[in-house]
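Right, one structure below, let's go through it.
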Amino acid sequence: AKGSVYHYFSGKEDLLLQIFDMLDEIAHHFVPEPDPETDPKEALRHIVDEGIRALEEQSAFFRMIAQLSLQTEVIQGLRPRIEKMRRQKMTAFLPLFEKLGYADPETEMYFLGALLDGMLLGLHSLEENYPTQALHQRIYALYNL
């Protein structure tokens, strides 16, 4: 029931923060941080494979994240958590792009994220008509995987 929500949460903001924390935890499960001992190309291949697999298999989950991220007032309330997550991702993934020898590893990290974000939007709008496998292979070619 609508009213019982406030038995568990102090208000809308608390509910949103808890949802965001849950989404962050689930997203981390889909694409875990790379093992520093793994060959960098193999680690990147795993990230790409798992990221695309998660987009395909968990489209409703990622659609919810995309919808939340497009709401300015929601993002403002989540800004501290988003910044914390960004720092964690930088700490975990930046060394991988450094090992791969990119001149600007941080930008390369954002670029790969943008590619995957774009795939999410494409899958959402075109569903089964979206060329996921062709784009997967294109990312492999781009990163020499």
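Being a predicted model, the structure only gives us computed values, none of them experimental.
- Donor-acceptor pairing under 3.5 Å is lacking for the side chains of Tyr130 and Glu56.
- Between the side chain of Lys41 and the backbone N or O of Leu100 there is no donor-acceptor pair closer than 3.5 Å.
- In this structure, Met109 and Met90 approach most closely via the heavy-atom pair CE-SD, 3.7 Å.
- From Arg81, atom CZ reaches atom CG of Asp21 across 4.0 Å, with rounding to the nearest 0.5 Å.
- Between Tyr102 and Phe97, the ring planes lie tilted relative to each other; the angle falls in the 30° to 60° range.
- Put simply, the side chain of Arg86 reaches to within 4.5 Å of the side chain of Tyr110, judged on heavy atoms.
- Of all heavy-atom pairs between Pro34 and Ala92, the closest is CG-O, 3.7 Å.
- In the model, Tyr140 has a side-chain atom that pairs as donor or acceptor with a side-chain atom of Asp49 under 3.5 Å.
- Here the CE atom belonging to Met85 is positioned 8.5 Å from the CD atom belonging to Gln88, to the nearest 0.5 angstrom.
- The shortest side-chain heavy-atom distance between Pro105 and Lys99 does not fall under the 4.5 Å cut-off.
- Atom CZ in Phe111 sits 5.5 Å away from atom CG in Leu142 (nearest 0.5 Å).
- Put simply, CD1 on Ile47 and CD1 on Ile139 are 12.0 Å apart, with the number rounded to the nearest 0.5 Å.
- Note that CE of Met119 and CZ of Arg138 are 12.5 Å apart. Values are rounded to the nearest 0.5 Å.
- No side-chain N or O of Asp35 forms a donor-acceptor pair with one of His46 less than 3.5 Å apart.
- Between Glu98 and Phe93 the shortest side-chain heavy-atom distance does not fall below 4.5 Å.
- Shown here is Glu73, whose CD atom has more than 12 heavy atoms of other residues, nucleotides or ligands within 6.0 Å.
- With a 4.5 Å cut-off on side-chain heavy atoms, Leu112 and Val48 count as touching.
- Electrostatic pairing of Arg87 and Glu83 counts as a salt bridge here, judged by a charged N lying under 4.0 Å from a carboxylate O.
- Residue Glu33 holds its CD atom at 11.5 Å from CG of Leu96, rounded to the nearest 0.5 Å.
- Follow the hydrophobic side-chain contacts under 4.5 Å out from Leu135 and you reach Leu126 in the same cluster.
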Please evaluate residues Glu106 and Asp104 with respect to the criterion side-chain contact (heavy atoms from CB on, under 4.5 Å), reporting the C-alpha separation (whole Å), side-chain torsions for both, the decisive distance (0.1 Å), and the verdict. CA-CA 6 Å; Glu106 184 174 336; Asp104 186 351; 4.0 Å; yes

